[in-house]
2 protein chains.
Amino acid sequence: MQHSVLQIPVQESLFVKDPTSSTVGKSILEHGLILLSEIGLEDFTFKKLAAKISSTESTIYRYFENKHQFLSYLFNFYWAWMDVNISFATTNIDDPKERLRRIIGLITKKVSNDLRTPFIDEALLQDVIALESSKTFLSKKVDEENQAGYFLQYKKLVDRISAVIIEINSGYPYPNALVTTILESSFHQRYFGNHLPRLTNEMHIDKRLEEFLLDLCLKTIA
Amino acid sequence: MQHSVLQIPVQESLFVKDPTSSTVGKSILEHGLILLSEIGLEDFTFKKLAAKISSTESTIYRYFENKHQFLSYLFNFYWAWMDVNISFATTNIDDPKERLRRIIGLITKKVSNDLRTPFIDEALLQDVIALESSKTFLSKKVDEENQAGYFLQYKKLVDRISAVIIEINSGYPYPNALVTTILESSFHQRYFGNHLPRLTNEMHIDKRLEEFLLDLCLKTIA
DNA sequence: TCAAATTGATAGTAATACTATTATATTTGT
DNA sequence: ACAAATATAATAGTATTACTATCAATTTGA
């Protein structure tokens, strides 16, 4: 009895060799994510990861150019996975407001491991992306990486959510800005709730975060 | 004929030796900021900075523990400076909505060099902080650094703006969350406008950014 | 089963992120 | 004006990082 497997496609520019195509590759993904969540991007090195999976640096370099590319891979994976979930949760719902409600629910909710993706633990992934995702685009290499398609999946999701906003109010002039504001804020507010509580208002509680962003969003586009 | 000098006080935990207390120190600040704006935090090293100011690494290490502390110093300086400006622009204004309007105006406006602070070019500082500031708090060392007072100035400003929001609507439950959402968004939207335009809506234009955030803020707390 | 591709083992390089030592300036307190 | 204290520059050195290169052993796949 095998449960279904969810294929999350990731851009070719985000790896040297597709990590899902081999056992070592999958191990790099799985334990790379765990190591990242444990020590953070700064202290993360391919050498440490190689030791963890009993492999070598050179092998890991055959899959990813460097740790930044590895992070970008996870970033895209996360948003592609989120896109699938959002897509699933909003099909056949006619009312765009209800769709928006569900989207914000999904974005603000703490996720748990999705067993359909064997080597990625989404609960860990969410924490890692919340902490590190800004670092994917806040770099002097943005333009180059943008050219290479590093942010396509994120853009795609932003477009999808913007379309819902436009459905609710076709005259609202800043749909994309509103969406990215909410997405970034979702990560930051939860993070502040856990580490810098004076910068927020009890946002470690999922429901409050959801209410804050839904309220903000609906009022803004009303 | 000397113009007035604006003293921006920075926490003692943000340096080893006060850089404003000596010529080399001031040079580290001035050229450190320039170098940061040129090459970004990743490629920035004390060795390169030392070469630029014809000094040595060891001298710089006597002022700052590492480049992260140096960035945090600039982060605090920026928000302290912004706090002074906001404070000045909002005294004697009775209407809290008008005060909020002015605050959002100041936050979203591209700043130009403030000649009252001799060794810091605020125009550069704003660009650097927009790109790098998230990295000050998105780190595995947040709690430790928070303890040490690394974010005090930012918190202070958030409190000040939150108070204005509470004045407008004392029942609004998320004033701090709203303020940090706006402050972060202000940086990110402008950045997206310049580098990832599909994630925003022409936010490289100051006036549009201001309108987007002011509208969002006023509707949310209405 | 033979060629091709993949991995592991090992080595090596340039740069980073520091720390330590000492000689030389410079400042300062009296 | 001078000695004492302090700051800086010059130099050296270490452990780690971020790679690249080579080659033998192993796996795979046509």
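Residue numbering restarts at 1 for every chain, and letters A, B, ... go by the order of the sequence lines.
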Cut-off 3.5 Å, no hydrogens considered: what does the side-chain donor-acceptor table look like for residues 104-111 of chain B, sequence neighbours left out?
unit_1   : atom_1 : unit_2   : atom_2 : d
B:Thr108 : OG1    : B:Ile104 : O      : 2.7
B:Thr108 : OG1    : B:Gly105 : O      : 3.3

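For the residue pair A:Thr117 and A:Glu122, a side-chain donor N or O sits within less than 3.5 Å of a side-chain acceptor on the partner. Of the N and O atoms on the side chains of A:Thr181 and B:Gln189, at least one donor lies less than 3.5 Å from an acceptor on the other residue. B:Glu145 and B:His68 form a side-chain donor-acceptor contact under 3.5 Å, judged by distance and modelled atom types alone.
Residue A:Ile39 contributes atom CD1, which lies 14 Å from atom P of D:dT16 at whole-angstrom precision. For B:Ile53 and D:dT8, the CD1 to P distance is 10 Å, given to the nearest whole Å. As a whole-Å value, the separation of B:Glu42 CD from D:dT17 P is 15 Å. Rounded to an integer number of Å, the gap from CZ of B:Phe46 to P of D:dT8 is 15 Å.
Under 4.0 Å is where a charged nitrogen must lie from a carboxylate oxygen, and between A:Lys140 and B:Asp43 no such pair does. Ion pairing between A:Glu210 and A:Lys207 holds under the 4.0 Å rule for side-chain N and carboxylate O. Electrostatic pairing of B:Lys141 and B:Glu144 does not count as a salt bridge here, judged by no charged N lying under 4.0 Å from a carboxylate O.
Contacts with DNA chain C (heavy atom under 4.0 Å) in residues 27-34 of chain B: none are found.
A close approach under 4.0 Å does not occur between any side-chain nitrogen or oxygen of B:Thr56 and OP1 or OP2 of D:dA10. Under 4.0 angstrom from either OP1 or OP2 of D:dT8 there lies at least one side-chain N or O belonging to B:Tyr63. A sub-4.0 Å separation between OP1 or OP2 of D:dA18 and a side-chain N or O of A:Lys67 is present.
By the 4.5 Å heavy-atom criterion applied to side chains, A:Leu49 and A:Lys67 are not counted as neighbours. Two residues are said to be in side-chain contact when any heavy atoms from C-beta on lie closer than 4.5 Å; B:Tyr154 and B:Leu183 meet this criterion.
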Item to check | Nucleic acid footprint by protein, nucleotides 20-30 of chain D - heavy-atom cut-off 4.0 Å, B for base, S for sugar-phosphate alone | outcome: BB---------

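Interface limits on DNA chain C: the 5'-most and 3'-most nucleotides within less than 4.0 Å of chain B heavy atoms are C:dT16 to C:dA20.
Two end axes, each from the C1' atoms of five base pairs, can be drawn for the helix from C:dT1-D:dA30 to C:dT30-D:dA1; they diverge by 30°, to 10 degrees.
Taking NE2 of B:His195 as the reference point, atom NE2 of B:His204 lies at 11.5 Å (rounded to 0.5 Å).
Residues meeting the ring-ring contact (aromatic ring centres under 6.0 Å, His included) test with B:Phe70, sequence neighbours left out: B:Phe44, B:Phe64.
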Checklist entry - Are A:Phe212 and B:Leu178 close enough, and set up right, to give a side-chain contact (heavy atoms from CB on, under 4.5 Å), and what steps lead you there? => result CA-CA 8 Å; A:Phe212 164 64; B:Leu178 181 59; 4.3 Å; yes

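Relative ring orientation between B:Phe151 and B:Phe75 is described as perpendicular, the plane-to-plane angle rising above 60° on a 0-90° scale split at 30° and 60°.
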